[in-house]
> 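Got a structure for you, written out below as structure tokens; questions coming shortly.
Quantities reported herein were computed from a predicted structural model and do not represent experimental measurements. Both counts, for ligands and for their atoms, begin at 1 and track the order of listing.
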Amino acid sequence: MGLLAGLLDQASVYLEGQNLWVLGPAAFGAFIVVSVVINVLNQLLFKDPNQPPVVFHWFPFLGSTVVYGMEPYKFFNKCQEQYGDVFTFILLGRKMTVTLGPKGNEFVFNGKHADLCAEEAYTHLTTPVFGSGVVYDCPNHMLMEQKKFMKFGLTTETFKAYVPLIKDEVVNYFQTSPFFSGQSGKVPLSTAIPQLTLFTASRSLQGREVREALTTTHADLFHDLDMGFTPVNFMFPWLPLPHNAKRDRAQKAMAKLYLDIISRRKSGEESKKEIDMIWNLMNRSYKSGESLSDLHVAHCMIALLMAGQHTSMATTTWTLLHLAAKPEIQKVLYEEQIKVFGKDLAPLTYEKLSELKMVQNVVKEILRVHPPLHSIMRKVKSPLHVPDTNFVIPSTHYVMAAPGVSAMDEKYFKNAKEFDPFRWVGHEADEDNAEKFDFGFGLVSKGTASPYLPFGAGRHRCIGEQFANVQLGTIISTLVREFEFTLPPGQKDVPLVDYNSMVALATAPAMVHWKRRAGSNH
Ligand code: HEM
């Protein structure tokens with residue numbers, strides 16, 4: 001049996017490797033039929049009880065790519081029903097072993113670096129966009145140090161400075177944007193929110209010069225670089241397509257923007273008073289004594305821009321859509337603003353943001369229902385036993401966690417499909433009380449066997465969570481003070497999810513209607 005399985009495998013690999021263009025249409029058709037037959041026989045006859053079950057698929061190489069890509073959660077749920085929490089599917093020729101549920105989350109997030117490697121899973125996509133030498137284009141211990149450097153730039157002091165900057169950007173946006181002229185109107189969130197999150201993140205974390213460049217000289221370049229951050233580039237980042245050529249040009253130009261800022265600052269031409277991430281990174285050195293080079297500062301800045309932009313943009317959009325669908329929650333949020341800031345609505349401050357429990361619960365609930373990242377991947381480096389099963393995952397596989405599946409499971413959250421921020425009342429300090437561990441970039445929760453992990457866990461855990469909360473909290477508070485939102489007449493629910501992008505976005509145009517609040521200041 002084993003020999004026949006091996007031969008079938010080899011035959012399938014051989015057939016896949018043939019140059020199809022030199023075969024005529026009839027031979028091509030025959031090739032497809034033979035490949036399908038071999039592939040199906042392989043799955044039916046040679047199941048290995050010591051490996052996770054393989055999701056049935058007709059075509060080799062293509063496997064379950066289309067069903068997974070179109071609706072990953074539907075695919076995960078169906079496979080979970082049929083095969084259990086651990087199964088393997090084929091994603092463009094790669095064997096992906098999915099591990100679901102809190103234990104599955106723990107298996108991937110808490111894996112040892114020697115067994116599970118993030119850089120091999122992500123570098124194809126990220127390195128052409130971020131640039132060389134950082135994040136997934138360097139050894140893992142360097143990434144841990146880079147994350148520590150980034151965290152130094154995300155302190156209470158910086159957050160205090162950021163809140164008024166972010167608020168000013170939001171106010172400036174709705175005062176100048178054609179979408180917000182008059183006393184009422186409608187706004188396509190798919191267009192407006194990417195601009196709003198880019199302007200707010202760049203003005204605060206990235207610094208004034210970057211903010212200015214992103215509306216003037218570098219607006220198109222950012223767009224071109226962003227276009228390189230697409231799912232197809234997970235597999236084919238090197239294809240000689242126009243968008244990849246543009247991505248490469250834009251990466252160099254964006255890096256130069258940062259390098260010029262660094263050089264002006266070093267020469268004393270720029271004011272040293274502003275607090276931002278560039279200043280922070282310019283002053284960091286690795287444990288080895290080697291300082292972070294200017295080029296690596298530039299590349300870390302691009303990584304931060306990209307990591308924050310997509311996730312915050314998706315979260316802000318979903319928040320406004322769900323608030324529009326439930327005006328009663330907007331009322332609670334507005335009342336909270338009055339309770340915390342007084343009836344004249346004193347200016348937002350970082351200290352006061354932490355008192356806005358309902359804003360925090362809304363963000364938490366949005367991240368439960370719409371976690372921006374649906375699939376977390378690692379390359380398996382040595383055969384790995386899955387606890388409580390007979391399965392050993394071979395080192396030719398990748399593993400995939402999907403914490404969004406457990407976050408929407410009735411087993412862990414009652415009425416899991418329902419957007420209900422009140423479910424978090426009384427659970428505000430859960431993570432603060434959990435046991436902590438330092439992977440090299442500060443303490444993070446050790447326990448990763450949780451059904452709710454929108455910011456990941458373990459050594460690759462997000463370092464941007466607090467910044468995201470400051471940014472989202474300030475944007476939501478500012479908008480709730482000024483506007484009331486509703487869904488377009490006749491639209492009963494929020495739009496469907498669009499999985500064609502790097503994050504789980506709302507299907508465009510994601511329109512909401514707005515009305516200025518009586519007595520608003522602007
Ligand atoms: C709502 C907002 C955000 C969400 C839901 C989110 C989610 C995540 C998740 C799930 C991971 C783990 C990825 C993995 O394990 O493979 C991660 C890692 C990371 N995030 Fe975030 N993120 C958010 C905002 C941000 C922001 C604003 C920044 C930057 C300021 C940022 C920077 C990073 C970095 C540097 C990593 C580390 C990657 C690694 O160690 O491999 N994130 N994020």
Side-chain angles (χ1 to χ4, degrees), residues 105-111 113 116-123 125-126 130 134-154 158-159 162 166 193 197-198 200-202 204-206 234 276-277 280-281 299-319 360 362-379 398-404 407 439-442 444 448 450 452-473 475-476 502-504:
N105 297 340
E106 171 152 57
F107 181 74
V108 173
F109 286 122
N110 246 1
H113 181 248
L116 295 180
C117 167
E119 45 278 33
E120 277 187 45
Y122 296 144
T123 190
L125 172 82
T126 54
F130 301 167
V134 302
V135 188
Y136 304 121
D137 189 47
C138 61
N140 183 263
H141 67 87
M142 282 176 79
L143 169 60
M144 294 302 108
E145 287 199 69
Q146 290 161 7
K147 287 173 75 174
K148 186 173 70 186
F149 303 156
M150 294 169 184
K151 272 188 89 173
F152 278 129
L154 298 168
T158 51
F159 294 149
Y162 291 167
I166 295 171
I193 300 302
T197 44
L198 182 63
T200 50
S202 56
S204 51
L205 191 68
Q206 297 271 326
F234 253 117
D276 61 33
M277 187 57 93
N280 163 57
L281 293 180
H299 292 172
C300 281
M301 291 302 297
I302 297 177
L304 285 167
L305 185 65
M306 288 293 165
Q309 171 61 10
H310 291 255
T311 46
S312 292
M313 170 252 275
T315 310
T316 310
T317 304
W318 284 117
T319 304
Q360 289 162 23
V362 163
V363 173
K364 259 189 172 167
E365 180 67 349
I366 287 292
L367 291 174
R368 185 186 70 80
V369 184
H370 298 287
L373 305 179
H374 54 73
S375 303
I376 305 286
M377 294 177 216
R378 306 281 185 263
K379 173 77 182 66
Y398 290 74
V399 287
M400 187 182 266
F439 291 91
F441 58 94
V444 293
T448 56
S450 164
Y452 176 77
L453 293 169
F455 292 98
R459 66 178 56 247
H460 291 284
R461 193 191 193 288
C462 186
I463 47 117
E465 176 176 0
Q466 281 142 311
F467 174 77
N469 282 330
V470 168
Q471 186 188 16
L472 296 167
I475 294 177
I476 295 166
M502 283 306 297
V503 295

> For a quick test of reading the model, state the closest non-hydrogen atom pair linking R378 to Y122 and the distance between them.
NH1-OH, 3.5 Å
> Closest approach of C138 and M142, non-hydrogen atoms and distance?
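Minimum heavy-atom separation between C138 and M142: SG-CB, 3.8 Å.
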> What are the atoms of ligand 1, with element, lying closer than 4.0 Å to any heavy atom of P372?
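Once the distances to P372 are compared, the set is 5 (C).
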> In ligand 1, which numbered atoms sit nearer than 4.0 Å to a non-hydrogen atom of A468?
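Numbered from 1, ligand 1 contributes 2 (C).
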> Return the option from G458, A307, C462 holding the heavy atom at the smallest distance from atom 19 (C) of ligand 1.
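It is C462 whose heavy atom sits nearest to atom 19 (C) of ligand 1.
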> Answer with side chain, backbone, both or neither: which part of F455 has a heavy atom less than 4.0 angstrom from an atom of ligand 1?
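F455 to ligand 1: contacts from backbone and side chain alike.
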> At their closest point, which heavy atom of E119 faces which heavy atom of H113, and how far apart are they?
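Where E119 meets H113 most closely, the heavy atoms are OE2-NE2, 3.0 Å.
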> Which bit of L143 gets closer than 4.0 Å to ligand 1, counting heavy atoms only: side chain, backbone, both or neither?
side chain
> Can you pull out the closest protein heavy atom to atom 27 (C) of ligand 1? Residue, atom name and distance to 0.1 Å, please.
G308 CA, 3.5 Å
> Quick one: does E120's side chain have a donor or acceptor within less than 3.5 Å of a partner on K379's backbone?
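No.
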> Picking from T197, T200, T316, what satisfies side chain to side chain donor-acceptor pair (under 3.5 Å) with Q471?
T200
> Quick check: closest heavy atoms across Y136 and L143, and the distance to 0.1 Å?
CE2-CD2, 4.1 Å
> Please find the pair of heavy atoms, one from W318 and one from A504, that lie closest to each other, and give the distance.
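Closest pair (atom of W318, atom of A504, distance): NE1-O, 2.9 Å.
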> To which of T126, L304, T311 does the heavy atom nearest atom 23 (C) of ligand 1 belong?
T311
> Considering non-hydrogen atoms of the protein only, which is the closest contact for atom 28 (C) of ligand 1, and what is the distance?
G464 CA, 3.6 Å
> Could you tell me, atom by atom, which parts of ligand 1 come under 4.0 Å of a heavy atom of I463?
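With I463 as reference, the close atoms of ligand 1 come out as 34 (C), 35 (C).
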> Out of T315, L205, T197, V363, indicate the one that has the non-hydrogen atom closest to atom 1 (C) of ligand 1.
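Answer by nearest heavy atom: T315.
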> Specify side chain, backbone, both or neither for R378, according to which of its non-hydrogen atoms lie closer than 4.0 Å to ligand 1.
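Under 4.0 Å from ligand 1, R378 contributes side-chain atoms alone.
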> Need the ligand 1 atom indices (1-based, order shown) with element for anything under 4.0 Å from a heavy-atom of F467.
27 (C)
> Which option wins on minimum heavy-atom distance to atom 41 (O) of ligand 1: F109, Y122, Y136?
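That would be Y136.
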> Can you check whether Q206 reaches M277 side chain to side chain, under 4.5 Å on heavy atoms?
no
> What protein heavy atom sits nearest atom 12 (C) of ligand 1, and how far off is it?
H460 O, 3.3 Å
> Closest approach of V135 and A303, non-hydrogen atoms and distance?
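Distance-wise, the nearest heavy atoms are CG2-CB, 3.8 Å.
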> Please list the nearest protein heavy atom to atom 7 (C) of ligand 1 with its residue and the distance rounded to 0.1 Å.
P454 O, 3.4 Å
> Is the backbone of L154 close enough, under 3.5 Å, to the side chain of Q466 for a donor and an acceptor to pair up by distance?
no
> Show which atoms of ligand 1 fall inside a sub-4.0 Å distance from at least one heavy-atom site of K147.
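It comes down to these atoms of ligand 1: 37 (C), 39 (C), 40 (O).
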